[in-house]
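Working notes, beginning with the structure itself.
Keep in mind that this is a model prediction, so the values were computed, not measured. Chain letters run A, B, ... following the sequence lines, proteins first and then strands; every chain starts at 1.
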Amino acid sequence: MLSHTLFLRESAAAADIPLDLGSVATGSIPNIDAGSELLTFTDAMAADAIADVAAERQALVDRVGPQGAEKAVGVAATYQMMNRLLDAVGAPVRGRTHLEPVAKALGFEPADITR
Amino acid sequence: MSRTQVAPIAATCSCRGVFDAAALPPDKTRAEAVERAWAQLCAPGPTLDAPTRVRVIELARAAWRGAGPTEPSALAAAVHAVASDAEGITLEFVEDLERRGLPRLQYLEVLGVVGRLSNVDWYLRGLGAALPQPVPLGLAGVTTGRVAPGSRLTDSWVPMVGDASAPHVLDALVDEGAALRDLHEPAYIDIARIGEGTHGDVLARPQIEFIAARTSYLNECFY
């Protein structure tokens with residue numbers, strides 16, 4: 001989460017979008033295009049391994065179109081993979097000091113991150 | 001379908017047919033990447049033969065349906081943990097697997113299979129497509145043996161080529177590392193352009209990164 005929250009901060013800044021990074025953790029609607037639909041769809045994809053996400057997908061299609069929604073599916077799916085791989089190999093997070101401000105923005109104390 | 005109903009299992013033994021009935025059409029590049037990934041998952045690996053990799057797929061899907069470990073082997077324990085509680089895996093757990101007969105490189109292959117399977121299955125479910133049935137594409141006892149020379153324990157729990165970095169965590173197993181990138185890049189962004197804050201495609205970069213960050217937060221992956 002920390003690497004991609006950093007990328008989120010940088011890309012939002014590059015687009016002149018004022019963004020509360022805390023929305024990654026709190027589940028509040030992010031200040032990005034289709035923020036509400038992206039949040040709802042992302043949470044639905046991550047909540048459960050098997051349940052149908054038809055309603056959330058359709059809401060996203062209605063907002064960003066089928067190609068945008070399909071891309072969102074791809075990103076959500078590939079991060080199921082990357083999250084498992086990085087956790088299961090014990091990829092270190094502590095010591096990556098450039099991520100500490102991001103950790104704090106998400107409500108974590110860097111010293112409390114055990115990996 | 002209500003949220004409690006499960007995605008159906010397709011009757012075919014290939015990935016190609018499942019896109020035809022998807023509620024949301026796939027992007028051609030991503031569909032081809034998923035097709036390649038599926039075939040590679042069912043084929044012989046560097047340390048696990050094809051029937052064992054298919055068994056890993058079956059065990060992971062059982063875990064996602066809520067089953068506990070269905071057999072007492074170290075391999076089954078590894079699959080269950082990676083599938084359902086990767087954030088809870090510890091060095092002690094990995095060491096215990098090794099004592100129970102699952103060497104680190106086999107563990108790495110297991111997590112590579114389960115990881116890439118999660119990408120495939122979540123992608124298909126997200127499109128409203130059925131899941132393909134795995135069929136071994138190789139004989140029992142046949143493995144490729146392709147391990148990167150010089151791979152060793154560095155800053156993580158498994159052999160690496162260099163320090164652990166996101167697109168290269170499977171590189172000790174040469175073909176698995178390539179397969180990971182082949183599946184990940186079309187789904188995320190061109191890794192060569194990762195430093196470009198304005199780069200995006202059908203979604204803008206902030207939208208892409210929000211999905212990645214939020215998913216990782218919900219999965220408790222701090223990386």
Side-chain angles (χ1 to χ4, degrees), chain A residues 1-5 7-8 10-15 17 19 24-25 30 32-35 38-39 42-43 45-47 49-54 57 61 64 66-93 106 108 113 115, chain B residues 1-7 23-27 30 64-65 82 86-87 89 91 108 111-112 114-116 118-119 122-123 125-128 155-158 164 166 169-170 183-184 187-188 197-198 201-219 221-223:
Chain A
M1 72 176 89
L2 299 183
S3 301
H4 290 283
T5 305
F7 291 145
L8 174 62
E10 292 173 349
S11 60
I17 298 171
L19 181 66
V24 170
I32 55 177
D33 277 353
L38 285 170
L39 171 67
T42 301
D43 284 13
M45 284 283 283
I50 60 174
D52 188 55
V53 295
R57 179 176 58 238
V61 169
V64 301
Q67 290 179 316
E70 188 274 347
K71 173 68 181 186
V73 171
V75 179
T78 203
Y79 277 90
Q80 291 295 328
M81 172 175 73
M82 297 308 297
N83 293 164
R84 283 179 172 77
L85 294 180
L86 291 162
D87 276 342
V89 302
V93 180
L106 296 182
F108 297 105
I113 298 172
R115 291 179 182 236
Chain B
M1 293 175 76
S2 70
R3 272 196 65 82
T4 57
Q5 291 177 286
V6 302
L24 187 60
D27 168 85
R30 273 186 282 283
W64 290 327
R65 291 191 298 270
V82 178
E87 69 274 18
I89 293 174
L91 175 58
L108 183 61
L111 70 95
V114 177
R116 283 178 292 126
S118 70
N119 193 141
W122 259 255
Y123 180 67
R125 182 169 63 93
L127 297 184
D155 61 347
S156 67
W157 305 333
V158 293
V169 291
L170 298 180
L183 184 58
H184 181 55
Y188 174 44
T198 55
D201 45 59
V202 292
L203 291 181
R205 185 74 186 271
Q207 294 174 309
I208 294 169
E209 294 301 342
F210 180 79
I211 299 168
R214 179 68 177 165
T215 299
S216 303
Y217 174 82
L218 293 170
N219 287 336
C221 177
F222 281 86
Y223 186 85

Considering only heavy atoms and a distance below 4.5 Å, find which of A:Thr78, A:Thr5, A:Thr42 pairs most often with chain B. A:Thr78

Closest heavy-atom pair and its distance - A:Leu8, B:Phe210: CD1-N, 4.0 Å

How long is the gap from CG on B:Asp27 to NZ on A:Lys71, to the nearest 0.5 Å? 8.0 Å

Between B:Arg116 (side chain) and A:Met81 (backbone), is there a donor-acceptor pair under 3.5 Å? no

Chain A contact via B:Ala187 - side chain, backbone, both or neither, heavy atoms under 4.5 Å: both

Taking all atoms of both residues into account, what is the closest heavy-atom pair of B:Ala212 and A:Val75, and its distance? N-CG1, 4.0 Å

Chain A interface, residue from B:Ala164, B:Ala204, B:Ser156 that has the most non-hydrogen pairs under 4.5 Å: B:Ser156

At a heavy-atom distance under 4.5 Å, which candidate from A:Gly68, A:Ala91, A:Ala15 has the highest pair count against chain B? A:Gly68

Choice from A:Ala69, A:Gly35, A:Pro30, A:Ala14 maximising heavy atom contacts with chain B below 4.5 Å: A:Pro30

Okay, A:Ile32 and chain B: the region with an atom under 4.5 Å from a heavy atom over there is side chain

Using non-hydrogen atoms only, which part of A:Val73 is less than 4.5 Å away from chain B: side chain, backbone, both, or neither? both

Starting at CG of B:Leu203, measure out to CG of A:Leu38 and round the result to the nearest 0.5 Å. 6.5 Å

OH on B:Tyr223 to CG on A:Asn83, rounded to 0.5 Å: 12.0 Å

Do A:Met45 and B:Thr215 make a side-chain contact, defined as non-hydrogen atoms from C-beta onward lying under 4.5 Å apart? no

Contact leader toward chain B among A:Met82, A:Glu10, A:Gln67, where contacts are heavy-atom pairs under 4.5 Å: A:Met82

As an exercise: rank B:Val114, B:Leu127, B:Leu91 by heavy-atom pairs under 4.5 Å with chain A and give me the winner. B:Leu127

Rounded at 0.5 Å granularity, tell me how far CD1 in A:Ile50 sits from CH2 in B:Trp64. 11.5 Å

Test your reading of the model: is there a side-chain donor-acceptor pair from B:Trp122 to the backbone of A:Ala76, 3.5 Å cut-off? no

Would you mind reporting whether B:Leu108 and A:Val89 have side-chain heavy atoms less than 4.5 Å apart? yes

Between B:Ile89 and A:Asp87, does a side chain to side chain contact (heavy atoms under 4.5 Å, CB included) hold up when you go through it step by step? CA-CA 7 Å; B:Ile89 293 174; A:Asp87 276 342; over 6 Å; no

In terms of heavy-atom pairs under 4.5 Å with chain A, the winner among B:Cys221, B:Gly115, B:Gly128, B:Ala86 is B:Cys221

Among B:Ala23, B:Ser216, B:Pro25, B:Ala166, which has the most heavy-atom pairs under 4.5 Å with chain A? B:Ser216

Sidechain-backbone polar pair: A:Arg57 side chain, B:Gly126 backbone, donor-acceptor under 3.5 Å: yes

Top contributor to chain A interface from B:Val158, B:Val202, B:Ile211 [non-hydrogen pairs under 4.5 Å]: B:Ile211

Please report the closest heavy-atom contact between B:Ala213 and A:Met1, naming both atoms and the distance. O-CB, 4.0 Å

Just verifying a value: how many Å separate B:Arg205 CZ and A:Ile17 CD1, rounded to the nearest 0.5 Å? 12.5 Å

Answer whether the closest heavy-atom distance between the side chains of B:Arg214 and A:Leu39 falls below 4.5 Å. yes

Under 30°, 30 to 60°, or over 60°: which ring-plane class applies to B:Tyr217 and A:Phe108, parallel, tilted or perpendicular? tilted

To the nearest 0.5 angstrom, please state how far the NE2 atom of A:His4 sits from the OH atom of B:Tyr188. 4.5 Å

Largest heavy-atom contact set with chain B, pairs under 4.5 Å, which of A:Ala12, A:Pro66, A:Ala77: A:Ala77

Sub-3.5 Å donor-acceptor pair from the side chain of A:Arg84 to the main-chain atoms of B:Val82, do we have one? yes

Pick one of side chain, backbone, both or neither for A:Leu2, based on which atoms fall under 4.5 Å of a heavy atom in chain B. both

Which atoms form the tightest heavy-atom contact between B:Arg125 and A:Ala49, and what is the distance? NE-O, 3.1 Å

